[in-house]
Enquirer: 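Following this message is one structure expressed as structure tokens.
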4 protein chains.
Amino acid sequence: MNMTNQVDQRSPRTQARIIQILDAATACFVEQGFHGTGMARIAERAGMSAGHIYHYFDSKDAIIAAIVERETSAHETKMREFHLLPCENLKHEMVARAEEGVRTNTDPFRSALSLEIVAEAKRNPDIAERLRRHDVIVRTEFARLLREKLQLDHAEGRVEVLFTLFDGLAIRMLRHPDLDQAGLTRFFRKAILAVLED
Amino acid sequence: MNMTNQVDQRSPRTQARIIQILDAATACFVEQGFHGTGMARIAERAGMSAGHIYHYFDSKDAIIAAIVERETSAHETKMREFHLLPCENLKHEMVARAEEGVRTNTDPFRSALSLEIVAEAKRNPDIAERLRRHDVIVRTEFARLLREKLQLDHAEGRVEVLFTLFDGLAIRMLRHPDLDQAGLTRFFRKAILAVLED
Amino acid sequence: MNMTNQVDQRSPRTQARIIQILDAATACFVEQGFHGTGMARIAERAGMSAGHIYHYFDSKDAIIAAIVERETSAHETKMREFHLLPCENLKHEMVARAEEGVRTNTDPFRSALSLEIVAEAKRNPDIAERLRRHDVIVRTEFARLLREKLQLDHAEGRVEVLFTLFDGLAIRMLRHPDLDQAGLTRFFRKAILAVLED
Amino acid sequence: MNMTNQVDQRSPRTQARIIQILDAATACFVEQGFHGTGMARIAERAGMSAGHIYHYFDSKDAIIAAIVERETSAHETKMREFHLLPCENLKHEMVARAEEGVRTNTDPFRSALSLEIVAEAKRNPDIAERLRRHDVIVRTEFARLLREKLQLDHAEGRVEVLFTLFDGLAIRMLRHPDLDQAGLTRFFRKAILAVLED
DNA sequence: GATGAATGAGTGTTCATTCAT
DNA sequence: CATGAATGAACACTCATTCAT
């Protein structure tokens, strides 16, 4: 069901190297953007030579593809947890999780990474395709949740608005880095509840 | 108070040239992104030589800065129109405008441009600063509107959520280009109304 | 009939630049081979920056392609001169020209260039194709000459051997740079005459 | 007198490894050229790791040097066989062997290898030197043969032309891969006989 | 004003070679 | 003996920017 959870055939050392590179690259991309980051800088931060990165990744593009894979994979796992929740009080549980989601998505690092991925998707069709495949999955599953567990009609439209809200946070943080999270969360909750209403 | 409304000292010809360049660059950036667009391409599209662009702009960065200026300026003007609306039925008028806003923000060209600017802000502090200055203005004015004309408390928090919704649309379009706009709009309206409720 | 003799649309300055680059590249390739020569060295020798070469040629490969074009073109012109010779004593004229050809093909620069092109053809299919197209032309024309003006049968086979002899000179020079040209020419003539005999 | 016939001090296993590497490298060089072949590819084809090749060869250059050594050595052995032939009918035997030589030298693999070596000699003085030392040997011996067994004067000049013919075949094959070998051979023979004539 | 020739620093990427294991 | 991780120098090529004309 989830190909990314396959047993990794690579040696522990190789896996560690890959994580080193991915972490270094993620940090660089967050700070300076994909195009603003040279392979040399990623290499330096990952503690290896630039040339050696090419033993693990075919190209710079392959690095961001792997980062996207890691992020979307984690996100899908998170989303899947909703299905395990009990039906009763699901709505309030969702609101609680949404509040946690606001905290996560307003984290400067996460929001910056999110934006960087989206920006790269704009000019890299492979990244765009990954993002869309991922979106289909979480969108469909989430709509099914609303339909089956909350007996809501027009689930797709509701999901679009909910996802729009969370997507918007990354840009919001960029425009207003010092926003009052408490004030935001208060009405975020109201908006979500309104979207989840009959 | 508004520097962008200063009488433009430049000759009409010069102004026309500048608009040519800005339009060409905007189109290029939307299609291929800021870093994917070379000065040569902008020049070609603007119908002049690459070198000549430097008579009007100091650098490539200055071009995107001018594009951002133009966009934020237009946006501020749009926002200011709300103050001219009659108090009665203001809420419904706002919802109506919001629906128009959804149409605008989901337009492929506008959403792409919006995203491109945001992406550039991530690595260009000058652009980020412009975006933030602009955000302060529209945020403050819009909050004042809610406070004074709709007698709403916690206006800042409400504004954050409203702006988050609109910002989110550009990303949403990227992730799900074929989304059903009608379904989205229906719950978008519900969310907005909830945020504007006492 | 000869596309390379079309009126050159390029400005004299551009033409001069192209010749500069071609001459510099030819010299470099002769001395250090195609793969042993960096763009920087060609640029230095041509008296311009490396980057600027790309205003005139799309790639390093395009440079060698142009060199091959220039060489084959000149060679075809040379070959075509045979058709203008009077029929009587044509055979002796050919032998005389052959002796001149030995001098040309044993010139260190020419033989080295010739070898470099052939070497490059081995791994660059585009170059190989150019060489083959050129060979078809000169081979066919030369065979026709033998057939029509010298009334020789099996003209193709004779041409192959004659061309083999001249092609061999470049390698011969590499293996024995100090060879006695007079001694060689003496028997070269005998071989040619034998091939041209009834 | 002949260093290549020294008793090989290396263990049979080592010798086998070296042959593996040499065969793999030869095949790679023929297919993709010396510069187009990476050590990784040679290693893969030889069935060992890239690093391990350096236990047997000091460098990539050393591999091609060894290939040249192997080729020239075999060629010298072949040439030496002429001395064992009876004097009578030697000329016709030589022509017969020449025809076999045409077949060998027009073999795609052999001609490609031959050209690759020559190309490498152009930029690697060590290879050039090996080729020249080898040429001195076979040239001298062959001239002695013509002088002593066929009573020919100007043996050196005759040898140059004969060798030029055989060297030319590799290039000829590149320029005209589909040439009619029978037609070529017919006049090849005539040329050789003419060169061997009093 | 307007051109486009020219620069040069910077890019991602390759690959022969080394060496710890 | 054998591996393959690791290096680093080299490479072709791009592009914003300048400037003589």
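All chains are named by letter (A, B, ...) in the order of the sequence lines, taking the proteins before the strands, and each is independently numbered beginning at 1.
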Enquirer: Does A/Y54 have a side-chain nitrogen or oxygen under 4.0 Å from the phosphate oxygens OP1 or OP2 of E/dT14?
Expert: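 No, A/Y54 has no side-chain N/O under 4.0 Å of OP1/OP2 on E/dT14.
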Enquirer: Just checking C/T14: base, sugar-phosphate only, or nothing, at a heavy-atom cut-off of under 4.0 Å?
Expert: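 Result for C/T14 = nothing.
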Enquirer: Between A/D61 and C/M48, who's closer to the 5' end of DNA chain E by nearest nucleotide?
Expert: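 Whichever sits nearer the 5' end wins; that is C/M48.
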Enquirer: Would you call C/E116-D/R123 a salt bridge at under 4.0 Å N-O?
Expert: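 Yes, C/E116 and D/R123 are salt-bridged.
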Enquirer: Relative to the 5' end of DNA chain F, which residue comes earlier, D/G47 or C/M39, by the nucleotide with the nearest heavy atom?
Expert: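 Nearest-nucleotide comparison on DNA chain F picks D/G47.
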Enquirer: For A/H35 and E/dG10, what is the distance between atoms NE2 and P respectively, to the nearest whole Å?
Expert: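 Distance check: A/H35 NE2 to E/dG10 P gives 18 Å.
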Enquirer: In whole angstroms, how far is the P atom of F/dC1 from the CD1 atom of D/I21?
Expert: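 It is 11 Å, rounded to the nearest whole Å.
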Enquirer: In whole angstroms, how far is the P atom of E/dA2 from the CD atom of B/Q20?
Expert: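 B/Q20 atom CD is separated from E/dA2 atom P by 9 Å.
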Enquirer: Here's one to test your reading of the geometry: is the NZ or CZ of C/K60 within 45 degrees of the ring axis of C/Y54 and under 6.0 Å from its centre?
Expert: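 Not flagged: C/K60 not positioned over aromatic ring of C/Y54.
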Enquirer: When the distance from CD1 of B/I53 to C1' of E/dA2 is rounded to whole Å, what number comes out?
Expert: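 After rounding, the gap between these two atoms is 12 Å.
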Enquirer: In this structure, how many angstroms lie between the C1' atom of E/dA16 and the CD atom of D/E44, rounded?
Expert: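 Taking CD of D/E44 and C1' of E/dA16, I get 17 Å after rounding.
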Enquirer: Rounded to the Å, how far apart are D/K60 NZ and E/dC15 C1'?
Expert: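 After rounding, the reported distance stands at 8 Å.
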Enquirer: Do NZ/NE/NH1/NH2 and the carboxylate oxygens of A/R110 and A/E71 come within less than 4.0 Å?
Expert: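 Between A/E71 and A/R110 there is a salt bridge, with a charged N closer than 4.0 Å to a carboxylate O.
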Enquirer: Which listed nucleotide (E/dT13, F/dA6, E/dG4) is nearest to the side chain of B/S49?
Expert: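 Nearest nucleotide to the side chain: E/dG4.
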Enquirer: Pairing check on E/dT3: which nucleotide meets the Watson-Crick or G-U wobble criteria with it, both distances under 3.5 Å?
Expert: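 Per the H-bond distance test, F/dA20.
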Enquirer: How is D/Y56 classified with respect to the nucleic acid when contacts are heavy atoms under 4.0 Å: base, sugar-phosphate, or nothing?
Expert: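 D/Y56: backbone/sugar contact only, no base atoms under 4.0 Å.
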Enquirer: State, to 0.1 Å, how close D/A66 and D/F57 come at their nearest heavy-atom pair, and which atoms those are.
Expert: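 Heavy atoms only, the tightest pair is CB-CE2, 3.6 Å.
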Enquirer: So if I take every side-chain heavy atom of B/R17 and compare against F/dA16, E/dA2, F/dT3, which nucleotide ends up nearest?
Expert: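 Of the options given, the side chain of B/R17 lies nearest E/dA2.
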Enquirer: Quick one: C/H52 NE2 to F/dA20 C1', roughly how many Å, whole number?
Expert: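 Taking atom C1' of F/dA20 as the reference, NE2 of C/H52 is at 13 Å.
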Enquirer: Please tell me which of C/H55 and A/G51 maps to the more 5' nucleotide of DNA chain E, matching each residue to the nucleotide holding its nearest heavy atom.
Expert: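 Going by which nucleotide is closer to the 5' end, it is C/H55.
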Enquirer: Would you mind telling me which of E/dG1, F/dT14, F/dT17 lies closest to the side-chain atoms of B/R13?
Expert: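 Ranking E/dG1, F/dT14, F/dT17 by closest atom to the B/R13 side chain puts E/dG1 first.
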Enquirer: Roughly, in whole Å, what's the span from CZ in A/R41 to P in E/dG10?
Expert: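 Atom-to-atom, A/R41 to E/dG10, this comes out as 12 Å.
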Enquirer: Can you give me the closest heavy-atom contact between B/S49 and B/A43, atom names plus distance?
Expert: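 So the minimum-distance heavy-atom pair works out to C-CB, 3.6 Å.
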